[in-house]
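Here the structure is a predicted model, which is why all the values come from computation and not from measurement.
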Amino acid sequence: MRLHSVVAFFGLCLAAVLLFVVPISAQVDNFDLSGTVLDRSAAVIPGASVSLHNTDTGLVRTAVTDVHGLYRFVALPVVGHYSIEVRAKGFVVETRTGLVFQATSQPVENFTLGVGNTTQSVTVSSQAPLVETQKAQLGSTIDQRRISSMPLNGRNYMALGLLTTGVHTSALRGDLSFNGQLGRNIDYLVDGVSNKVNEWGDASAVGLSLDVVQEFQVITNQFSAEFGHSLGGVVSVVTKSGTDSFHGTTYLYDRPGDLDADNFLSHVQTPFDQQQFGGVLSGPIIKGKTHFIGGYEGTRQNS
């Protein structure tokens, strides 16, 4: 009996320690979605059923509007395309498809239902609004379209941060600088976890392959307390996730030294060879629940 008491005591102590030492990161890699359901006379519709479906990962969330016609979803992953279906007794079913959202955003999707029966439906293919009306932070989001289409020398996605107003390359180490501040005042996050070299580091500790980055935010001012830690700004990266379908890519970029021109003044060729190669594979482990993604990138230089 005494042994059981000792084991129980130490078990309780261990649970208490884990409770206080396990870090809880801010939800900077997710988004919140809300909206209002009205009828054509602008009257609210309480008790309407709202179903949210991620068509890529199989994620499904449901909600019911309150007495004010409001619904809300929190901590949603940004990866994938979403569809929203709204049903209410005596009204036509409305569905919106092809919705893509950005991390830390708080988009609002309002619905106005027409009178009818639930066998009637209206489907709208649309995009989420690009104007952020819920936050006053300054910066920009480099989305997947720009990451995959913009030319990059060296495949360093962080160079796209220079597209944001007030961001330039620091003269000290070539890292980013926001509004003239030192690079060490910038906080680097990957999926909500700090990715700085150290407490006083002025660069990102772990580099990521361009092909595993879903999007990243460059926030230069007026960011909320969920970021904290740094006064200069934030670079928050969201990595890709696997989906219910298998996807894979391979690539090779070769810059052979044989094609280098001679130096204009010395008429001597300075050889420079560089190869960048790698690949990404993603897919389901359990469809609709668990997915994986893995990537590899190598760089070889000879100069």
Check your understanding: Any idea which heavy atoms bring E85 and R87 closest together, and the distance?
Key -> OE1-NE, 3.0 Å
Exercise for review: Could you check T169 against L162 for side chain to side chain contact (heavy atoms under 4.5 Å, CB included), going step by step and ending with a plain yes or no?
Suggested key: CA-CA 8 Å; T169 302; L162 298 174; 3.8 Å; yes
Exercise for review: Among Ile, Leu, Val, Met, Phe, Trp and Tyr joined by side-chain contacts under 4.5 Å, find the other residues sharing a cluster with I286 and list them by chain and number.
Suggested key: F246, L281, I285, F292
Exercise for review: Decide whether L208 and I142 are clustered together by the hydrophobic rule: side chain heavy atoms of Ile, Leu, Val, Met, Phe, Trp, Tyr closer than 4.5 Å, transitively.
Suggested key: yes
Check your understanding: Which atom names give the shortest non-hydrogen contact between F31 and Q102, and what distance separates them?
Key -> CB-O, 3.4 Å
**Study point:** Closest non-hydrogen atom pair between F272 and D260, with its separation
**Key:** N-OD2, 2.9 Å
Review point. Between the main-chain N or O of V122 and the side-chain N or O of E94, is there a donor-acceptor pair closer than 3.5 Å?
Key: no
Review point. Does the side chain of R146 reach to within under 4.5 Å of the side chain of L163, using non-hydrogen atoms?
Key: yes
Check your understanding: Is any side-chain heavy atom of V213 closer than 4.5 Å to a side-chain heavy atom of V237?
Key -> yes
Point to revise | Polar side-chain atom of E215 near backbone of T239 as donor-acceptor pair, under 3.5 Å | key: no
Point to revise | V280 and V212, any side-chain heavy atoms less than 4.5 Å apart | key: yes
**Study point:** Connected via hydrophobic side-chain network under 4.5 Å: V218 and L152
**Key:** yes
Review point. Are N30 and L76 side-chain neighbours, meaning at least one heavy-atom pair lies under 4.5 Å?
Key: no
Practice item. Measure the shortest side-chain to side-chain distance between L70 and S34 over non-hydrogen atoms and say whether it is less than 4.5 angstrom. Key: no
Exercise for review: Begin from the C-alpha positions of V115 and R40 and carry the test side chain to side chain contact (heavy atoms under 4.5 Å, CB included) through to its verdict.
Suggested key: CA-CA 8 Å; V115 175; R40 293 294 173 85; 5.9 Å; no
Review point. Under 3.5 Å, is there a donor-acceptor pair between the side chain of D244 and the main chain of G288?
Key: yes
Point to revise | Donor-acceptor side-chain pairing of H267 and D262 below 3.5 angstrom | key: no
**Study point:** Atom pair OG (S303) and CG (D273), whose distance is rounded to the nearest 0.5 Å
**Key:** 9.0 Å
Point to revise | Backbone of L33 reached by a side-chain donor or acceptor of E109 within 3.5 Å | key: no
Check your understanding: Hey, which of R300, R255, Q301 is the one that makes side chain to side chain donor-acceptor pair (under 3.5 Å) with Q274?
Key -> Q301
Point to revise | Salt bridge present between D211 and K240 (N-O < 4.0 angstrom) | key: no
Review point. For Y188, does its backbone N or O pair with a side-chain atom of N195 as donor and acceptor, under 3.5 Å?
Key: no
Check your understanding: Counting N and O atoms only, with roles assigned by atom type, does the side chain of T141 sit under 3.5 Å from a partner on the main chain of D143, one being a donor and the other an acceptor?
Key -> no
Check your understanding: When rounded to the nearest 0.5 angstrom, what distance separates CZ in F101 from NE2 in H81?
Key -> 11.0 Å
Exercise for review: Could you pull out the closest heavy-atom pair between V44 and V67, with the gap in Å?
Suggested key: CG2-O, 3.7 Å
Exercise for review: Find out whether H247 and T249 are in side-chain contact, i.e. whether some heavy atom of one side chain is under 4.5 Å from a heavy atom of the other.
Suggested key: no
Review point. Is D32 reaching over with its side chain to a backbone N or O of A75, donor-acceptor style, under 3.5 angstrom?
Key: yes
Practice item. For residues S51 and T62, report the shortest heavy-atom separation together with the two atoms involved. Key: OG-CG2, 4.2 Å
Exercise for review: Nearest 0.5 Å please: distance from the CD1 atom of I186 over to the OG1 atom of T220.
Suggested key: 10.0 Å
Review point. Do F178 and V235 come within less than 4.5 Å of each other through their side chains, counting heavy atoms only?
Key: yes
Check your understanding: Between L160 and I147, which heavy-atom pair has the shortest distance, and what is it?
Key -> CD1-CA, 3.9 Å
Review point. Restricting to pairs with a member in residues 43-78, which pass ring pair (Phe, Tyr, Trp, His ring centres under 6.0 Å), not counting sequence neighbours?
Key: Y71-F73
Practice item. Give me the other members of the hydrophobic cluster that Y251 sits in, counting Ile, Leu, Val, Met, Phe, Trp and Tyr linked by side-chain heavy atoms under 4.5 Å, directly or via other members. Key: Y253
**Study point:** Polar side-chain atom of T65 near backbone of I45 as donor-acceptor pair, under 3.5 Å
**Key:** yes
Point to revise | Spacing of K289 atom NZ and L59 atom CG [to the nearest 0.5 Å] | key: 12.5 Å
Check your understanding: Is a side-chain N or O of Q217 found less than 3.5 angstrom from the main chain of A103, in a donor-acceptor match?
Key -> yes
Review point. Are V190 and I293 in one and the same hydrophobic cluster, where Ile, Leu, Val, Met, Phe, Trp and Tyr link if side-chain heavy atoms are under 4.5 Å apart?
Key: yes
Check your understanding: Hey, is the main chain of V74 close enough, under 3.5 Å, to the side chain of R61 for a donor-acceptor pair?
Key -> yes
Exercise for review: State, with a plain yes or no, whether a side-chain heavy atom of F111 is found less than 4.5 Å away from one of I84.
Suggested key: yes
